[in-house]
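Only one structure is covered here, and it is reproduced in the block below.
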Amino acid sequence: MLVEDRLKEANLVLPTAQPSVANYLPGIEEGGLLFISGQLPMRSGKVAYQGKVGHDVDIDAAKKAAELCALNILGQAKAILGDLDRINRCIRLGGFVNCGEEFRDHASVLNGASDLLVIALGNAGRHARVAVGCSSLPLGAAVEVEAVFSIKSRPVEAS
Amino acid sequence: MLVEDRLKEANLVLPTAQPSVANYLPGIEEGGLLFISGQLPMRSGKVAYQGKVGHDVDIDAAKKAAELCALNILGQAKAILGDLDRINRCIRLGGFVNCGEEFRDHASVLNGASDLLVIALGNAGRHARVAVGCSSLPLGAAVEVEAVFSIKSRPVEAS
Amino acid sequence: MLVEDRLKEANLVLPTAQPSVANYLPGIEEGGLLFISGQLPMRSGKVAYQGKVGHDVDIDAAKKAAELCALNILGQAKAILGDLDRINRCIRLGGFVNCGEEFRDHASVLNGASDLLVIALGNAGRHARVAVGCSSLPLGAAVEVEAVFSIKSRPVEAS
């Protein structure tokens with residue numbers, strides 16, 4: 001099944017790629033890899049989940065925030081690649097949770113992003129991951145996620 | 001010398017690869033690179049070093065925690081590659097220390113992981129590195145380390 | 001224009017590569033990629049910007065700290081590559097800001113590094129990026145930045 005069909009079937013809407021909030025690119029395709037910049041849980045141009053996970057944002061909301069970060073990753077990937085079916089697989093997610101010293105459940109939060117990628121890409125969405133706690137994140141976001149994908153070579157054009 | 005012989009000579013035991021604690025893979029081999037997910041200082045299924053480095057965990061124990069993370073990285077690499085001698089070299093470690101605002105000695109802590117990789121791989125274990133302080137880490141771990149290796153191509157089979 | 005000429009024109013001095021502060025390499029060139037270790041805002045062997053951004057270090061100074069990290073990245077790249085014109089492009093920056101819970105403007109701080117790379121490399125300096133807040137950084141540094149570049153293949157020597 002095609003990636004965008006999988007998202008539709010799960011009632012998930014691929015967001016329009018947002019411009020970067022500063023002097024960097026949303027992503028870079030190079031040498032068969034696609035690096036996507038850290039995505040915040042932005043919806044309609046605003047950070048939809050702000051504050052400390054475990055205080056201002058509960059685990060369920062934080063999972064939703066991580067899912068939204070992953071949707072924004074796919075939105076950026078589509079803008080760069082033209083077609084999400086050019087993704088070969090997801091290689092690595094870097095997951096950052098805005099939380100206090102007592103927080104221990106980063107893995108559950110980041111599963112919101114990991115589950116979304118498996119929904120979208122099937123087995124090709126399964127990835128390596130690192131998840132850590134941050135003293136703060138840009139714009140007060142509750143979660144931030146970056147990604148590396150491998151990309152299928154473009155077919156050689158018939159001459 | 002073979003990687004596992006080096007570890008034995010240093011009285012270090014390669015741990016059995018632990019399953020991931022959530023919906024992600026312990027590592028991904030792709031395009032000649034091996035990405036290993038962030039490893040905690042797990043021993044026999046439990047986090048052996050918990051709490052804040054500099055408070056609950058002193059520097060010497062934190063170095064041991066980082067060494068244990070690196071051993072778990074090699075355990076995961078073996079489970080994925082089948083043979084640690086397929087590693088060409090270690091390229092990058094990402095090191096995360098669970099610590100307070102006053103902590104300054106992340107480099108000494110992460111040397112526990114870096115030294116282990118040099119013991120195991122010799123010059124091929126020398127790597128680029130980033131080390132930062134985190135407000136918290138999964139399961140209260142004192143240290144977390146992720147890694148990227150390059151992998152030798154498999155020999156072409158004789159026909 | 002050559003990279004070092006661009007720096008001179010902007011009155012920026014390429015620093016001499018500093019040795020790593022611990023058991024790791026300043027960078028690794030492998031498979032067409034160059035991974036540079038996390039660089040601190042070191043000048044003449046000392047951390048020039050220390051403390052919490054937003055408290056001890058204001059945004060303008062923190063941008064300068066990030067710029068200095070990026071200059072040190074280029075200094076390390078030159079020591080490894082021999083010639084900065086071997087850089088094909090900057091792929092990814094990892095940016096870490098030493099800051100408290102209330103801090104929200106990591107993007108402005110990291111622009112100090114991103115702007116410097118665009119000054120030095122032009123369009124080839126534009127990159128993917130992740131920026132997060134850390135509870136502490138090595139040696140009390142205000143900012144730390146790591147980088148990945150792609151490298152031009154060496155020309156085949158005439159026979």
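On a predicted model such as this, the values are computed, not experimentally measured, just so you know. Every chain is numbered from 1 and lettered A, B, ... according to where its sequence line falls, protein lines coming before strand lines. Scope of the values below: all heavy atoms of this structure, side chains included, with no hydrogens, waters or symmetry mates.
- The two atoms that bring B:G133 and C:C134 nearest to each other are O-CB, 3.2 Å, heavy atoms only.
- With rounding to the nearest 0.5 angstrom, the CZ atom of B:R129 is 10.5 Å from the CG atom of C:L25.
- At a heavy-atom separation below 4.5 angstrom, chain C is approached by B:R89, B:C90, B:I91, B:R92, B:C99, B:G100, B:E101, B:F103, B:R104, B:H106, B:A107, B:N111, B:S114, B:D115, B:V118 within residues 89-121 of chain B.
- For residues 48-68 of chain B, heavy-atom neighbours of chain C at less than 4.5 Å comprise no residues at all.
- Interface check for chain B: of the options C:A22, C:S20, C:P26, the most heavy-atom pairs under 4.5 Å are formed by C:A22.
- With respect to chain B, the highest number of heavy-atom pairs below 4.5 Å among C:P138, C:A141, C:G27, C:G38 belongs to C:P138.
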